[in-house]
Amino acid sequence: MSKLEQFVALALQEDVGDGDHTSLSTIQENVRGEAKLLVKDTGVLAGVTVAVAIFNIIDPNLKINVLLEDGAEVKSGDIAFFVQGSVHSILKAERLVLNVMQRMSGIASRTNLYAKQLEGTKAKVLDTRKTTPLLRFLEKEAVHIGGGANHRIGLYDMMLIKDNHVDYAGGISNALTRAQAYRTENRLSIPIEIEVRSFQELEEVLANEYVDRVMFDNFTPKEVEKAVELVGGRLVTEASGGITLETIRDYALAGVDYISVGALTHSVKSLDLSLKAKIV
């Protein structure tokens, strides 16, 4: 069973339970119909491919006519797709499809605003692990659709040594030495990234060969520019910490490779979408 199939099964268990009693009581079982996905907002559409998959998981006999693909810039009144088939199946899928698409489209729209601020620079905007539990795979896909890049997926595909790790380990050098030893002993090929809070910590990192990437935490754009010069292309560079839509371009112009923004996912406004029955 795929991750999406597992997600849909749990979501239906939560939402449908032992039956959609409203639909079962008001609409005959064999009634067929059509509905349209209506856009009621301005932004970037995301989750169309996922929505089609959800409909197919719930009822493989449903037919979906897609008019707008993931990544399309949309406005109020646009129609993303039509779905035809069993009315019971359409209604069962309605809320799940809308919840997923509204959330994903909101994230894609927010990400796109940040990505546009980086045009003409080498920097890319990154997501973080500040995601909705169990929805990370969908939210990170939405970031990608919106023009951003994905950071690590979880704790297993990168070692990101942050301030608490450094403090508990007894300093930068101890943390990096232990991380490299662990990586070697366990034959891991994942990268090692470390967060620095000062130029003194950066100097310690640059004196250590066991690192692939460095994150400048809560540095100003001018400090990032100086830090990038000190790194001199030896490591992949990343800026993080309180970076907003208004300041992200200044960080990009400082020469950093990546800029991570938790706000892409942790406090996003969903795009207003609606699934409307088409009455013939």
Side-chain angles (χ1 to χ4, degrees), residues 1-10 50 104 107 111 122-145 148-219 224 227-228 230-243 251 255-266:
M1 184 181 289
S2 70
K3 186 178 292 187
L4 182 61
E5 288 172 328
Q6 291 177 319
F7 166 71
V8 171
L10 290 171
V50 174
M104 289 184 69
I107 291 170
T111 301
K122 70 172 183 177
K124 294 184 182 299
V125 64
L126 289 175
D127 52 27
T128 69
R129 286 169 53 241
K130 296 175 182 177
T131 55
T132 308
L134 303 181
L135 289 184
R136 183 175 295 168
F137 74 111
L138 296 177
E139 294 183 347
K140 283 184 172 282
E141 174 62 20
V143 167
H144 177 72
I145 291 169
N150 295 143
H151 208 300
R152 57 179 177 162
I153 302 302
L155 296 173
Y156 58 87
D157 60 332
M158 174 188 279
M159 293 188 203
L160 176 45
I161 304 169
K162 298 188 67 110
D163 53 352
N164 283 340
H165 300 100
V166 170
D167 292 341
Y168 282 135
I172 293 281
S173 296
N174 284 345
L176 285 174
T177 300
R178 289 172 182 170
Q180 173 60 18
Y182 180 91
R183 184 167 66 175
T184 300
E185 289 167 10
N186 290 278
R187 298 179 181 179
L188 298 174
S189 59
I190 59 175
I192 295 174
E193 178 175 7
I194 190 161
E195 176 184 279
V196 296
R197 297 162 286 186
S198 66
F199 283 99
Q200 180 180 344
E201 289 190 339
L202 177 58
E203 293 289 354
E204 288 186 63
V205 169
L206 294 175
N208 195 304
E209 59 183 305
Y210 308 129
V211 63
D212 304 292
R213 187 160 162 168
V214 61
M215 177 193 291
F216 312 125
D217 183 47
N218 286 306
F219 281 36
V224 167
V228 168
L230 287 172
V231 171
R234 288 175 49 192
L235 306 171
V236 176
T237 57
E238 178 182 339
S240 180
I243 299 171
Y251 282 92
V256 74
D257 296 308
Y258 293 104
I259 302 169
S260 50
V261 178
L264 298 186
T265 55
H266 72 54

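This chain uses plain numbering: 1 for the first residue, then up along the sequence.
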Minimum heavy-atom separation for [X] and [Y], please, with both atom names.
{"X": "D127", "Y": "S260", "result": "O-CB, 4.4 Å"}
{"X": "I161", "Y": "A179", "result": "CD1-CB, 3.9 Å"}
{"X": "I259", "Y": "A123", "result": "CD1-CB, 4.2 Å"}

Which residues pass the side-chain contact (heavy atoms from CB on, under 4.5 Å) test with [X], not counting sequence neighbours?
{"X": "A9", "result": "none"}
{"X": "T184", "result": "Q180"}
{"X": "L188", "result": "M159, Y182, R183, N186, I190"}
{"X": "I153", "result": "K140, Y156, D157"}

As an exercise, state the distance from [atom1] of [X] to [atom2] of [Y], rounded to the nearest 0.5 Å.
{"X": "F219", "Y": "S198", "atom1": "CZ", "atom2": "OG", "answer": "6.5 Å"}
{"X": "T111", "Y": "I145", "atom1": "OG1", "atom2": "CD1", "answer": "10.0 Å"}
{"X": "D212", "Y": "I194", "atom1": "CG", "atom2": "CD1", "answer": "11.5 Å"}
{"X": "Y258", "Y": "L126", "atom1": "OH", "atom2": "CG", "answer": "6.5 Å"}
{"X": "L160", "Y": "I192", "atom1": "CG", "atom2": "CD1", "answer": "11.0 Å"}

message: Measuring only between side-chain heavy atoms, which start at C-beta, is V166 closer than 4.5 Å to E195?
response: no
- request: Check whether any side-chain heavy atom of R129 sits under 4.5 Å from a side-chain heavy atom of L155, and report yes or no.
  value: yes
message: salt bridge (Lys or Arg N to Asp or Glu O under 4.0 Å) for D257 and K122? Distances and angles first, verdict last.
response: CA-CA 6 Å; D257 296 308; K122 70 172 183 177; 3.2 Å; yes
query: Counting heavy atoms not belonging to L134, are there more than 12 under 6.0 Å from its CG?
result: no
- request: Say whether, by atom type as modelled, one donor and one acceptor occur between the side chain of R213 and the main chain of P191 under 3.5 angstrom.
  value: no
query: Counting N and O atoms only, with roles assigned by atom type, does the side chain of Y251 sit under 3.5 Å from a partner on the main chain of S240, one being a donor and the other an acceptor?
result: no
message: Applying side chain to side chain donor-acceptor pair (under 3.5 Å), can you list everything that pairs with H151, at least two apart in sequence or on another chain?
response: E193, E238
- prompt: Taking V143 as the fixed residue, which of T128, V261, T265 is the one that meets the side chain to side chain contact (heavy atoms under 4.5 Å, CB included) rule?
  reply: T265
- prompt: Which is it for M104 and V50 under the side-chain contact (heavy atoms from CB on, under 4.5 Å) test, yes or no, and what are the steps along the way?
  reply: CA-CA 10 Å; M104 289 184 69; V50 174; 4.2 Å; yes
Mind listing the side-chain donor-acceptor pairs of residues 199-211 below 3.5 Å, one per line with the distance, residues two or more places apart or on another chain?
residue, atom, partner, partner atom, Å
E201, OE1, R197, N, 2.7
E201, OE1, R197, NE, 3.4
E201, OE2, R197, NE, 3.3
E201, OE2, R197, NH2, 2.8
N208, OD1, Y210, N, 2.8

